Student: 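My questions will all concern the structure given below.
Below, chains carry the letters A, B, ... as their sequence lines are ordered, and counting in each starts from 1. Since the structure is predicted, the reported quantities are computational estimates derived from the model, not experimental observations.
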Amino acid sequence: MIKYDHTQIEPAWQARWLAQQTPVTEEGDRDRKYYCLVMFPYPSGRIHMGHVRNYTIGDVIARSQRLRGRHVLHPMGWDAFGLPAENAAIEQGVHPASWTMHNISYMKQQLQRLGISYDWKREITTCRPDYYHWNQWFFLKMYERDLAYRKRSSLNWCPKCLTVLANEQVIDGACWRCDSAVTQKELEQWFLRITAYAEELLAGCDRLTGWPERVLTMQRNWIGKSEGAEVKFPLQDRSGTITIFTTRPDTLYGATFMSLAPEHPLVERLIQGKPEAAAVRAFVQEAGRLDRTARLTGNFEKAGVFTGTHAINPLTGQPIPIWVANFVLMDYGTGAIMAVPAHDQRDFEFAKKYGIPVRLVVQNGDRSLRAETMPDAYPEEAGWMVDSGPFTGLSQAEGKAKIIGHLAEHTLGKRTVNYRLRDWGISRQRYWGTPIPILYCDACGVVPVPEEQLPVLLPRDVPFTGKGGSPLAESAEFVQTTCPRCGGKARRETDTMDTFFDSSWYFLRYTAPRETDRPFRREAADYWMPVDQYIGGIEHAVLHLLYSRFFTKVIRDLGLTSADEPFTNLLTQGMVIKDGAKMSKSKGNVVDPNVLIERYGADTARLFSLFAAPPEKDLEWDDQAVEGASRFLHRVWRLVIDHAGQVVRASGAVSPPDSDQASPRAQTLRRATHQTIHKVTADLDRHFQFNTAIAALMEFYNLIAQWQAPVSGNSGDGVKAAGGAKATDGDATALAEALRTLLVLLSPFAPHLTEELWQRLGHRGSIFAEHWPEAEPRWLKDELVTIILQINGKLRSQLQVPPELDELEIETRALADPKLQPWIEGKTIRKRIYVPGRLLNLVV
RNA sequence: GCGAGAGUGGCGGAACGGCAGACGCGCCAGCCUUAGGAGCUGGUUCCCGCAAGGGAAUGGGGGUUCAAGUCCCUCCUCUCGCACCA
């Protein structure tokens with residue numbers, strides 16, 4: 001017998017597939033198109049087990065959809081700009097471009113060794129000018145539409161990466177990449193106005209029915225919409241007003257003080273010449289020292305200081321003191337709040353601490369609240385308005401609506417919506433990224449680089465010192481240029497773009513990756529978009545996935561495509577963990593895919609990573625379970641090889657025998673065959689349950705192995721019975737059908753093994769040119785069904801009956817069942833529940 | 001605090017409200033082998049029992065139902081996300 005040797009089979013097929021690949025086009029029925037995309041990798045050096053899992057999932061989906069007749073786009077590329085390359089340059093003196101390209105070629109070869117069926121002709125690499133050209137072009141389009149703008153503000157700064165971070169890139173106060181504590185830094189930088197799309201991004205979440213609920217929740221939280229009102233509080237001396245944002249305008253009568261953020265621009269004006277001035281300045285300075293980490297953990301004492309100034313509550317007309325409080329955030333709402341101690345816990349505690357009155361304006365249902373004795377605030381949005389002038393007596397909800405109306409009518413305020421989402425700061429003070437296509441001219445100011453001068457090339461000769469500051473600023477040749485407007489001297493912007501810019505539209509570039517005069521071709525994008533199935537890690541729940549949705553909407557509004565969401569269905573696969581922790585160099589629990597592939601082969605690596613856990617769950621690495629996957633493939637190999645001769649001979653027969661001609665043995669096999677088709681197909685359709693699909697294939701294997709065992713003995717070619725029943729031609733064709741079906745169903749999971757065995761069954765064409773088999777309904781029914789017999793809901797016996805037997809006959813047989821006798825003897829049957837083909841429950 | 005998800009054998013995990021534990025790993029016994037970290041066969045939730053069989057069991061408690069891992073209520077634990085967001 002020929003042994004299963006993956007080291008022979010796998011490289012051979014990989015080479016052939018690559019050579020024989022026919023690329024997909026936009027021709028043909030769009031209903032049959034299927035865009036399967038996995039998040040492209042950063043070329044860090046070598047692939048890890050997380051990649052293996054990710055790309056295997058994508059490949060199984062792509063291959064199975066192709067077998068089912070879909071027109072599948074399954075591309076791959078490289079998210080190639082980024083810090084590790086630049087750090088390598090600083091530490092090892094190798095240029096980021098060389099480092100990156102070297103990694104790409106190595107990782108590409110690794111992916112090919114996994115047998116992933118990518119269309120490599122569409123490969124894209126974001127650090128190449130043919131790609132980042134269009135980053136710059138999109139930036140200019142956004143600049144034209146005021147969706148890209150420059151402003152000075154306080155930004156998240158990673159002291160290790162020496163660059164700015166977007167809010168989305170700060171995780172628990174630390175850098176998303178290197179985990180260093182993030183500080184604040186005042187800088188002038190470029191922003192994308194993602195907030196202009198806040199409402200649409202939020203509303204779109206409701207229509208993304210193919211996304212996991214938790215990702216949508218994270219996006220909704222991140223956008224953080226809150227509805228309320230802006231209210232103007234006049235200063236007591238009539239020198240101006242302070243605008244606040246509140247979600248509870250109904251509690252306006254209970255506002256007994258105001259608080260400003262320490263950074264609020266009005267603070268200095270309010271305290272001018274006041275005896276409190278020195279104390280307030282000291283307080284503001286102290287609050288400014290509070291770092292982001294402390295603020296995030298809420299680990300500081302709430303405190304405030306009186307400014308010496310009062311404002312007028314616009315509804316009561318009463319003067320209320322203005323405080324500065326360290327917990328009021330400048331970058332949310334207006335940086336100023338009205339404080340209602342009776343109905344906000346923070347205000348309540350603050351009022352108690354500083355002896356400010358508590359005024360109750362919303363009563364609970366049983367009217368038991370008393371301002372003097374409340375132990376806590378009553379923050380519920382329920383109950384009745386009290387002590388609220390003309391609004392007294394209304395329900396809380398009604399009061400809220402009426403007060404907003406009243407404010408608007410008297411121009412004291414208006415209904416507004418606030419979002420937590422901030423504009424996306426994209427400037428990075430690093431080298432290895434897309435240059436921002438902007439010039440600064442002494443005469444003309446900020447000047448966008450004209451489209452026809454794109455791309456602004458990233459210069460190669462830049463010193464990598466690691467001392468901080470934008471490296472591009474060191475290249476005089478790059479910086480100094482002429483102004484396209486006045487012809488005078490100008491200097492270039494030396495910051496580069498956040499690499500999340502690159503990945504925010506790459507899925508569109510794949511649809512027409514070789515376009516040279518536009519980012520993509522509209523017809524191609526309209527054909528392929530949106531992505532039917534997107535697969536990647538949960539860690540991008542808000543970062544990449546939110547940015548991509550934003551870009552898609554901007555690109556739509558630029559009139560370039562009709563897609564308004566990029567990804568119809570999203571699968572977020574779990575991490576690969578070992579010994580309970582994510583694999584990482586520092587923990588020393590890394591399994592190298594190369595070692596796995598060398599020892600067991602790509603098919604085993606693929607099968608294991610799909611079988612050991614459902615795709616969304618974390619996958620615990622288990623060396624022994626890998627052995628199990630390998631064992632299964634060896635068994636399939638032996639089974640098919642042992643019967644190859646028989647199958648080739650049987651292929652003369654046109655089709656396997658139908659029910660009336662088939663021997664009982666053939667019937668058993670045909671039933672199992674079609675039931676397996678049904679089960680595997682359903683598991684793939686229904687949430688990609690690869691683990692149960694593979695389990696079904698294992699069961700099918702077990703059955704075939706059992707089925708042929710008594711007949712074939714160990715002769716290796718067992719049409720002739722050793723001593724049992726004589727095998728018929730029908731049996732042989734049924735076996736041929738079973739083995740072919742097993743291979744086709746297994747082929748998306750273990751492509752090399754199945755392709756090789758397919759050839760050994762005498763086929764000339766590729767197994768991937770086959771059609772996915774269809775289950776024939778008449779074989780899905782069992783010859784006999786098992787009826788569960790229950791007494792009072794407890795299993796007491798079972799009955800094997802033909803499926804067409806009616807209820808009455810089943811009951812007659814049940815009552816005669818000796819096992820049931822002890823339970824029904826001397827009892828009356830009160831009720832019978834019969835579930836056809838399943839069970840009979842007798843209540844006695 | 002708010003939100004989402006999860007809790008089932010020794011382990012990974014299966015179960016349209018209808019046989020709990022499919023499939024695999026591990027373990028036990030046997031076969032085959034000069035040998036086995038190969039292969040094959042059988043067994044493997046727990047308790048009582050020689051067995052036939054019986055009982056218990058899906059984080060705890062309660063409920064709906066002829067029937068609950070699954071639906072409802074409640075509590076506990078864990079994971080993830082958001083968080084002085086006014």
Student: Any chance you could lay out the side chain to side chain donor-acceptor pair (under 3.5 Å) test for Gln345(A) and Asp376(A), step after step, and finish with the verdict?
Tutor: CA-CA 7 Å; Gln345(A) 189 60 25; Asp376(A) 286 302; 3.0 Å; yes

Student: For the pair made of CE in Met698(A) and C1' in rC25(B), what is the distance, rounded to whole Å?
Tutor: 10 Å

Student: As a test of reading the structure: which of rC66(B), rG12(B), rA14(B) is closest to the side chain of Pro614(A), going by heavy atoms?
Tutor: rA14(B)

Student: Tell me whether the count of non-hydrogen atoms from other residues, nucleotides or ligands lying under 6.0 Å of NZ in Lys414(A) goes above 12.
Tutor: no

Student: Does Thr692(A) have a side-chain nitrogen or oxygen under 4.0 Å from the phosphate oxygens OP1 or OP2 of rG13(B)?
Tutor: no

Student: Across the strands shown, which category fits Val835(A) at heavy-atom distances under 4.0 angstrom: base, sugar-phosphate, nothing?
Tutor: base

Student: Would you kindly give the CG-to-P distance between Leu795(A) and rG17(B), to the nearest whole Å?
Tutor: 20 Å

Student: Work out how far the P atom of rG63(B) is from that of rU8(B), and round it to whole angstrom.
Tutor: 24 Å

Student: In terms of relative ring orientation, are Tyr354(A) and Trp323(A) parallel, tilted or perpendicular, with 30° and 60° separating the classes?
Tutor: tilted

Student: Go ahead and name the base partner of rC85(B); Watson-Crick or wobble counts if both distances stay under 3.5 Å, otherwise write none.
Tutor: none

Student: Separation of Asp331(A) atom CG from rA83(B) atom P, in whole Å?
Tutor: 11 Å

Student: Would you kindly give the CG-to-C1' distance between Asp618(A) and rC11(B), to the nearest whole Å?
Tutor: 16 Å

Student: Within the structure shown, what part of the strands sits under 4.0 Å from Gly333(A) by heavy-atom distance: base, sugar-phosphate, or nothing?
Tutor: nothing

Student: Taking pairing as Watson-Crick or G-U wobble with both contacts under 3.5 Å, can you name the mate of rA68(B), or confirm there isn't one?
Tutor: none

Student: How many Å lie between CG on Leu421(A) and C1' on rC82(B), as a whole number?
Tutor: 14 Å

Student: Roughly how many Å apart are rU77(B) and rC71(B), using the C1' atom of each and rounding to a whole number?
Tutor: 22 Å

Student: On the nucleotide rU79(B), are OP1 or OP2 found under 4.0 Å from the side-chain N or O atoms that Arg214(A) carries?
Tutor: no

Student: Can you figure out which of rC82(B), rG3(B), rG24(B) approaches the side chain of Trp222(A) most closely?
Tutor: rC82(B)

Student: Determine whether the side chains of Thr195(A) and Asp423(A) contain a donor N or O and an acceptor N or O closer than 3.5 Å.
Tutor: yes

Student: Would you mind pulling out the nucleotide paired to rG21(B), Watson-Crick or G-U wobble, both distances under 3.5 Å?
Tutor: none

Student: Once you apply the 3.5 Å cut-off to both distances, tell me the Watson-Crick or G-U wobble partner of rA57(B), or none.
Tutor: none

Student: For the side chain of Ala612(A), starting at C-beta, report the closest nucleotide among rC85(B), rC23(B), rG12(B).
Tutor: rG12(B)

Student: Ion pair present between Glu227(A) and Lys400(A), side-chain N to carboxylate O less than 4.0 angstrom?
Tutor: no

Student: Looking at NZ of Lys617(A) and CD1 of Ile577(A), how far apart are the two atoms once the value is rounded to the nearest 0.5 Å?
Tutor: 10.0 Å

Student: Check whether any side-chain nitrogen or oxygen of Asn702(A) sits under 4.0 Å from OP1 or OP2 of rA22(B), and answer yes or no.
Tutor: no

Student: Under 4.0 Å between a side-chain N/O of Lys302(A) and OP1 or OP2 of rC84(B), yes or no?
Tutor: no

Student: For rA15(B), does either OP1 or OP2 sit under 4.0 Å from a side-chain N or O belonging to Gln689(A)?
Tutor: yes

Student: What is the base-pairing partner of rC16(B), counting Watson-Crick and G-U wobble geometry with both distances under 3.5 Å?
Tutor: none

Student: For rA6(B), which nucleotide in any strand shown is its Watson-Crick or wobble partner with both distances under 3.5 Å?
Tutor: rU77(B)

Student: Under a 3.5 Å cut-off for both distances, is rC31(B) Watson-Crick or wobble paired, and to whom?
Tutor: rG39(B)

Student: Any idea if rG10(B) is syn or anti, going by the 90°-from-0 cut?
Tutor: anti

Student: Quick one: is rC85(B) close enough that its OP1 or OP2 comes under 4.0 Å of any side-chain N or O from Arg422(A)?
Tutor: no

Student: Side chain to side chain donor-acceptor pair (under 3.5 Å) with Lys679(A): which of Thr676(A), Asp683(A), Thr681(A)?
Tutor: Asp683(A)

Student: Looking only at atom C1', what distance separates rU33(B) and rU45(B), rounded to whole Å?
Tutor: 35 Å

Student: Near His634(A) NE2, under 6.0 Å, is it more than 12 heavy atoms from other residues, nucleotides or ligands?
Tutor: yes

Student: As a test of reading the structure: which of rA86(B), rA67(B), rG13(B) is closest to the side chain of Ala613(A), going by heavy atoms?
Tutor: rG13(B)

Student: Can you confirm if the aromatic rings of Tyr419(A) and Trp222(A) lie within a centre distance of less than 6.0 Å?
Tutor: no

Student: Let me spell it out: for each of Arg686(A) and Ala625(A), pick the nucleotide of RNA chain B with the closest heavy atom. Which residue's pick is nearer the 5' end?
Tutor: Arg686(A)

Student: What is the distance from CZ of Arg248(A) to P of rA86(B), rounded to the nearest Å?
Tutor: 11 Å

Student: Walk along nucleotides 27-46 of chain B from 5' to 3' and tag each nucleotide B, S or - by protein heavy-atom contact under 4.0 Å, base first, then sugar-phosphate.
Tutor: ----------B-SSS-----

Student: Checking side-chain polar atoms at under 3.5 Å, does Tyr834(A) have a donor or acceptor matched by the opposite partner on Glu811(A)?
Tutor: no

Student: In whole Å, I'd like the distance from the CD1 atom of Ile337(A) to the C1' atom of rA86(B).
Tutor: 5 Å

Student: Would you kindly check whether a donor in the side chain of Glu213(A) faces an acceptor in the base of rG5(B), or vice versa, at under 3.5 angstrom?
Tutor: no

Student: Taking the minimum atom-to-atom distance to the side chain of Met218(A), which one of rC85(B), rC80(B), rG18(B) wins?
Tutor: rC80(B)

Student: Please report, rounded to the nearest Å, how far the P atom of rA22(B) is from the CG atom of Asn691(A).
Tutor: 14 Å

Student: Test for a donor-acceptor pair under 3.5 Å between the base of rC82(B) and the side chain of Asn221(A), counting only N and O atoms.
Tutor: no

Student: As a test of reading the structure: which of rG3(B), rA86(B), rG55(B) is closest to the side chain of Val328(A), going by heavy atoms?
Tutor: rA86(B)

